[in-house]
Amino acid sequence: MTTESMPASTPGAEVPAPEESGPEEAKSAGALARARKRRSVARFWREYRSHRGGLWGLAGLILIALIALCAPVLTGANAQSVTEAPGGALESPSAEFPLGTDQFGRSVLALLIWGARVSLTVGLLAAFLCVAIGTVVGIVAGHFRGWYSTVLMRVTDWFLVMPTLVLAIALATVMDRSLWTVIIAIGVTTWPTTARLVRAQTLAVESRPYIERARALGGGHGHIMLRHVLPNVMPLVLAQTTLVISSAILTEATLAFLGLGDPTITSWGGMLQDAREAGAVSAGDWWYLAPPGIAIALVALAFTLCGRAIETVLNPKLGVAR
Amino acid sequence: MSTTSIRKTPLLEVRDLTVTYAGGARAVRGVNLEVDAGRKLGIAGESGCGKSTLALALLRLLPAGTKVTGEILLNGEDVLAMKWGQVRAVRWAGASIVFQGAMHSLNAVHRIGDQIAEPIVLHRKTTQAAARKRAGELLEQVGLPAARADAYPHELSGGQRQRVMIAMALACDPGLIIADEPTTALDVMIQAQILRLIEQLVSEQDLGLIMISHDLAVLSDTCDRLAVMYAGRVVEQGPAAEVYERAHHPYSKALSGAFPRIGDPASRFAPRGLPGDPPDPSALPAGCTFHPRCTVALDSCTTQDPELRVAGPGREAACVLVGPDGVSAPQGAEEARSTS
Amino acid sequence: GVPLGAAPQQAQAADSGKTLTVAVAQSIDSLSPFLAQKLLSTSVSRLMYDFLTNYDPKDNHAVPGLATKWEPSADKLTWTYTIRSNSKWSDGEQATAEDAAWTFNKMMTDEAAAQANGSFVTNFKKVTAPSPTQLVIELKEPQATMAALDVPIVPKHVWEKVKDFSKFNNDKDFPVVGNGPFVLSDYKVDQYVKLKANKDFWRGKPKFDELVFKTYKDQDAAVAALRKGEVSFVAGSPALTPAQAASLKGDANIKVNEGPGRRFFALATNPGAQTKDGKKFGNGNEALLDQKVRQALFLSIDRKTIIDKVFQGHAVEGQGYIPPRFSEYAWQPSSGQSLAYDPAKAGKLLDQAGYALKDGKRVGKDGKALDLRILCHATDPNDKAIGKYLKEWWGKLGVGLKVECLDDVSVPWYAGEYDLAFDGWSVNPDPDFVLGIHTCAALPLKAKASAATDNFICDKKYDELYKKQLAEYDTTKRADLVGQMQSWLYDSGYMSVIAYPNAVEAYRTDQIKSITTMPEAAGNIYGQDGYWSWWSAVPADSDGASGDSDSGSSSTGIVIGIVVAVVVLAGGGFLLSRRRRTTADERE
Amino acid sequence: MTADSTPALVKQADAEGPAPAGSPAVRGPRARNTQAYLKYVAAKIFGAAVSLFAVLVTSFFLFRLIPSDPVKQMTGGRPVSAEQLDSLRRQLGLDQPMWQQFTSYVGDALTGDFGTSFQYHAPVVDKITEALPATLLLTGTAYVLYSALGIWLGTRTAWRNGSKSDRFNTALALTLYSVPSFWLGLLLIIVFAVGVGPIPGMFPTGGLESGNESGFAYVLDVAHHMVLPVITLVAVGYAQTLLVMRSSLLDEMGSDYLTTARAKGLRDDTVRRKHAVPNAMLPTFTLMFVNLGHVVAGQILVETVFSWPGLGGLFYQGLSVPDLPLVQALFFVFATAVILANTLADLLYPLLDPRVGR
Amino acid sequence: MTSTTTDLLSARDLRVSFPGRHGAGQARAVDGVDLDIRPGEIVALVGESGCGKTTLARSLLGLVPPTGGQVTFDGKPLDYGSRALKAYRKRVQLVLQDPSGSLNPRHTVYDAVAEGLRIHRYGGDEREAVTNALSRAGLRPPERFFLRYPHELSGGQRQRVVIAGALVLEPELIVADEPVASLDASVRGEILALLLRLRDELGLSALVVTHDLGLAWNIADRVAVMYLGRIVETGDVEQILTAPQHPYTQALLSVLPEAEGEPVVLTGEPPDPSKVPSGCRFHLRCQVLASGEAERAGVADACRTKDLPVLAGGGETQVACHWASAAAVARP
Ligand SMILES: Nc1ncnc2c1ncn2[C@@H]1O[C@H](COP(=O)(O)OP(=O)(O)OP(=O)(O)O)[C@@H](O)[C@H]1O
Ligand SMILES: Nc1ncnc2c1ncn2[C@@H]1O[C@H](COP(=O)(O)OP(=O)(O)OP(=O)(O)O)[C@@H](O)[C@H]1O
Ligand SMILES: [Mg+2]
Ligand SMILES: [Mg+2]
């Protein structure tokens, strides 16, 4: 059970001395709340900072995101053009092409940079989809008793017993080839895990006395789910999101590798597939084969590291030594 | 262990024990205690004052990184100076602990019989079967049928679990039992059952007992002597009933006043408490740690931290207002100054 | 890679003789010749059972197989085959005309037996075997393809016992009775097919004693296996990639064989999908009904770049419909006819057709921009690659293109819901089938129903030519007719053949000394029309072979494995003991 | 307690014991109370049966959605006439109305008959039983290895939380976990099967056997072929177990019962082995059973890369046609395996952890 | 009783049962309770663990639907429609045992206190209302606490926040379920004093659920002793706690540390509401019956077999005990 205390009290860390007084008191409640929010973000950050892995992950992510955003600047808008490819087929690395060229003579480095956009987009959107569905279903299933909760959980269970990759492959086959297909296939197949986690957390939260208190205050279902359950499952959801992103990126690569991606778009998985189709494995063209794989691994690792760090910060119990 | 030797050296003697947690929290600050065999010492104090820390320190059970100084002489041997092997040998066989919250102190996935038998096998080097038989006997001793040895902790009620903890503590016939809030969170009736059981066992087996609780009333009823702790210090010590009835230290006073005596019209519609918040062990106030909440604090209290001083026969208190004759020094501030 | 010096594979398999191992990508769908559809399965059938005729490896003309002679009657409706008397089934029985007649009759009468090769007998009226050496086939209509009946003839006495042809896979009782150059001796799903040389094969015993088709789902794994000598031959699927070929060329003991392929790679436009009775359906872009537009599109395809970049030279620029490999029927456009790369001309054609250039987009009279879709096979890398080029070239022309890649394009295709499509067929020595798919008769009966048609072409002139060539038993005359048909197809602009991809394959010269390609001069090896390659393959001297034998590598592996295990165990034990010691000292 | 199929690192919260005291969720189950247990078993089995049926229905409709024409795909590229296509369609039963196909599918499936594979012309059940052993051998071996490795390392790292070896092991596991398995497989093939530089190609590039061994040599040969795919699977797979084990053990670390155990004078490793690990095992068990369910689904990617003749490859192959009876049955088998594993887990939990079950 | 109009809240023959677990019968947690609370009155409900105190309190607030009987508030029977309940819950507030658990760790003190206002769409100045409630609850200056999170407060402060959250809606009745059980003895008194003061200042009524008889002595006007789903003795605090008549009440009082005389420690575990014994529900553990005194009084049979009536909820002292009734009859 995770995350009961967002503003985690840290034994030893500086006492969260509420030094609000004087000028702050004069401010409106809204401003105060904002200041408070800022301070808890700052505290979060302070604790996050102490996780070296998380910092590495975050740094990596920022770097990759920047690179992805700046792709047109870094590589020129024509980097993906086959007719205007600057190099020969499968050239090995050189000063001009630091990572060599692909079979069309395009710079692998440039493609890698462009591919980051797709991989990140897919990862983020699929994770968002997954987490959004999972959170809603989880909270609703955890909050309500009775048959609809049972039905929801049955549906979730049903999705859970589907081997994810198999279902994703089937879905990707059913729909037409596009980025959205991949996103939906990933989102639709991975949400049940989130739903289960969220439901478990919801159940835990719902058993807390403050829920009883809210009900006794006259709070309805919506109030309890939105004001109490949601904020309490959010940290879990946040951590889960980062983890889902990394697995979504891997799944995207997998689908692309199986030839189920959108072939008109350059993604890392697609690059691997292209490399394989081009025979780069046999030819030993490591510069074509290695970078997409490493890129996938790095991004997935970065997200995983961030996710774990967030998880640890939000769930102080995990971090404590005996 | 001959009776004569016990007379000479106390069963447990704690000298100037200080515990500092890795985070810098000074949870125990220079505590001196003594327990003789067959005697019962109560330690009272509000939440966070370091009672459990003290108990854990006795068997060196504190987490790694915690600094412990002073001496803990168990049967004359300093636990803090022992090698780990020796410490392990002393644990449970020399002194055992009944923890606060039996639900979490029992391992949920093992049968209680096995959990009781475990230290027997370990320390008495008996066979498993013999240990299990002994576990059954112990359960009967605490009023549970031996057949319950097959139960898992969650199948027992809170009171039953606490009995199991007690049976377990008795497993290796230790000289000393430390009971850390053995009845908190229990119902009045169950609490009475457990206390009676402990008392009975201690007197039957001539054990030393340290009982920790925040319920001064219970302690005064059960124990011979009472030590009141505040912010890691013992602030008052003495015969249990006396400390409860006529506390010297303002904190002990407030604490004992918090327990209403039914039938006493003075407490009818007049609940009494202690204003203010307990101190933070990692940022203790200067001077007497109690002075921010003390109704009779003097100016000097903000700077001067009084040591325990004799306050009557067998009694000690750490307050500038306490005189050696046991009577509280006069309440007036001027007079207090003049005496000091 | 440096193969670990070890005993060569052949030496190890000395008792069973020389083995030729072929890495294949496909798995077997069925070993029953009545069911087998996949290339590997039909190739194995070819090796197990003799056909009536075979194709000459030099020029594809029909040569004797089980039949030594075949003659049409004067009315062209009755064919008489003389069956050879020196072909024996591997169980000792004589192969006779009766077997052949039974085989054909079975296919004509049992739907289940017609699954794979039913199309060969649709025009048959009656098949009889008046004598053991004489087979008579009566036709409903004249048919020029009677020397190209690619139907395995099975032993009647064995197959008579089969009850349900749709479920009998011929893969239970080994060795399987046959009369081809090899006898099927073992089969493991998705792993291998083993065939033993047929000592009594009438044309002579194959030089290798055993032929194994081993499945490698991953082409790179297959190439690696070739490098290591685990296999002697790698058939590309469909071809080795340029990069693989290039890297294999560097290996001393490996020969990369490149021959003209039997496939053409083309673009097809949707000429307006319609049923046999002329009902239009589908949603093909109207603009493509204009020949000028189609030609403009084809004019702006730089085939040379595609050959250079996509195929990296491992293909021949496309022209006529029939690949040049089939020299008898291949055709080339005249210089005036040819639609060579000429983007300027293409632009002009579009202007003429009423698609003016506006802001870089071609806009029709109705004000709509010219945006097209192209169906692509998601599994075909070439489709995807060429799609990229087309998108850019046509983009420059002002035509938008969306490449829609699907695993199975047949659904939108048969629904007529496409504008353009990547098209391609493997062509048989006899061109009848690939020509027939453009006739009106091939159109579907109902909208969206699947049919034999390739892309809904229906033209009277073409149909007449088709009928004529089918009834023309004179090869040269027939070839001329076929040429005319191709010319018509070329001009119509309904199709544009872009390339004939080469067959690129590789084998170990230290295991295979020589092997017959087809065409014999610079041809391919795997998937020939006939059994020439495997039948003719000559093993290299066993001493010269330096293949890494399996037993050799496995023993190396075992030794290494043991060493690794010991190291791991020792290390683990050390760590464990150290851990015990450290924990003992630490607090508890 | 049901499956979790994505590699979520967050440990499955619902594997934990019941909610805190005072809530209606607290229950004092008597798992050993046979009658209650039987009731629990019956409920779980009923749930599993419902899921199975749902999967059966899904398996039918899911693949009918594929916009593809099996008949056309099967005969792709060969000379076939329209009549022949129709005849094929008739033989495969594809000309019947959907509901009729559905009822006969469900009816047959309930009797264990999943029909005949379109492309292999053999009973689907036969095809599956042919390929199943290979999958079980490969993924089963990998499963045992990575579970054991994950639990061992997870325990070690958690117990020495923050130590150098913890940091190293966790980082390594996370890195490997982030690596796409197919990519790792390809690299291993290049390095250890083909050979790079001084490294000889010492393992086969793919397949399950060389095809010319028998007896003990055959066993060794298969083992030799398994090395690389197993390494791939283990490398990619053990992190999950490790992380779950690690975090659930860390959760237990501060627990009072461990202090009790230590107070009894137990050695550190005894405390860990006898007290901490059994309590922390439940989430790991959940994961292990989930993974167990997925053993059957094989590893499509690794099977593809290493040409392993298993179910994953069969499924992928079948999907491209689509060979409806085959993919339907395989999908059903995959999901069934997960359901069975989950049910098994559900049935075992009360025995593993007395707190669970009702 | 006589005039229901004077009662703010009253329960009539209230029953709550839960479906039995593990095949056990229904758990009759509350099994026929009459209880009245008058305006400005503090009633203590005491009893052993598991006797149904919390369940009774929750059912009074409509948090568990009763399976029988009726709750009347301000003369009107409780309507369980969601809108009516919401209106009801504006006037009756709940304070729970565990202040740490009653506060959402992610809400600031301000949010926690303002929650009720927001739920009921308070029209006035929210900030002012919160400020008032906090200072009334003894958290002064209130602004200082606005933005603290629960974990930054001590236990006593948290309970004050919970009470402030209840006060902010200006309720007429507070139901406090073991409001100080989880607090230190030293803090306890402060909170109880607060409750008393609120009663004096605002005329608030309160039902305080507790197993601590000292608490009842400290603040309550009236006490009701509950055993196994029933109230077995009720009446004026002074009377009940100094001269208990029911053997159960006697036993409860005797085990208090400062009690004189030999403690009567009832054996066994708390009784099981799914197995309510016939006759007097206490007879299995009754020390009077066990000692034979009931036999002497000639009520032993009745104790074992004869059900006792539900005690009226009003103010007079009553006891549900055959032996005590017999003694009372014998005495006058
Ligand atoms: N592991 C730890 N690390 C740091 N500080 C700790 C740790 N354990 C306890 N403390 C602090 O030490 C102080 C004393 O704690 P301890 O548990 O001994 O109190 P206690 O008197 O037993 O309280 P309670 O009555 O609540 O059990 C507290 O302020 C607590 O916050
Ligand atoms: N939701 C529920 N479902 C089933 N049984 C319940 C439920 N809530 C309470 N019970 C049972 O009803 C009985 C009375 O419970 P209740 O919580 O009212 O007791 P209590 O007097 O408040 O005890 P405590 O002093 O321990 O809080 C108990 O036996 C309990 O097990
Ligand atoms: Mg404590
Ligand atoms: Mg309660």
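Chain identifiers are assigned alphabetically (A, B, ...) following the order of the sequence lines, protein sequences preceding nucleic acid strands; residue numbering begins at 1 within each chain.
Put simply, the side chain of B/R91 gets close to the backbone of D/R262: a donor and an acceptor are under 3.5 Å apart. In this structure, B/H110 contributes its side chain and D/P278 its backbone to no donor-acceptor pair below 3.5 Å. A donor-acceptor distance shorter than 3.5 angstrom exists from the side chain of D/K264 to the backbone of B/Q115, with no hydrogens or angles considered. Counting only distance, with no hydrogens or angles, the side chain of B/S105 and the backbone of D/T260 share no donor-acceptor pair below 3.5 Å.
Top candidate by heavy-atom pairs under 4.5 Å with chain D, chosen from B/L56, B/I97, B/V87, B/V109, is B/V109. Annotation: maximal heavy-atom pairing with chain D below 4.5 Å, among B/L122, B/L59, B/V90, occurs at B/L122.
Annotation for B/R26: atom CZ does not count as buried by contact number, only 12 or fewer foreign heavy atoms lying within 6.0 Å. Within 6.0 Å of atom NZ in B/K125, more than 12 heavy atoms from other residues, nucleotides or ligands are found, so the atom counts as buried in its surroundings.
Remark: D/T270 OG1 to B/E118 CD distance equals 8.0 Å, nearest 0.5 Å.
At a 4.5 Å heavy-atom cutoff, B/L156 makes no contact with chain D through either its backbone or its side chain.
Of all heavy-atom pairs spanning B/F99 and D/T259, the tightest one is CZ-CG2, 3.8 Å.
A salt bridge (charged side-chain N to carboxylate O under 4.0 Å, His left out) check over residues 173-188 of chain B, counting only residues at least two apart or in different chains, returns the pairs B/K51-B/E181, B/R134-B/D173.
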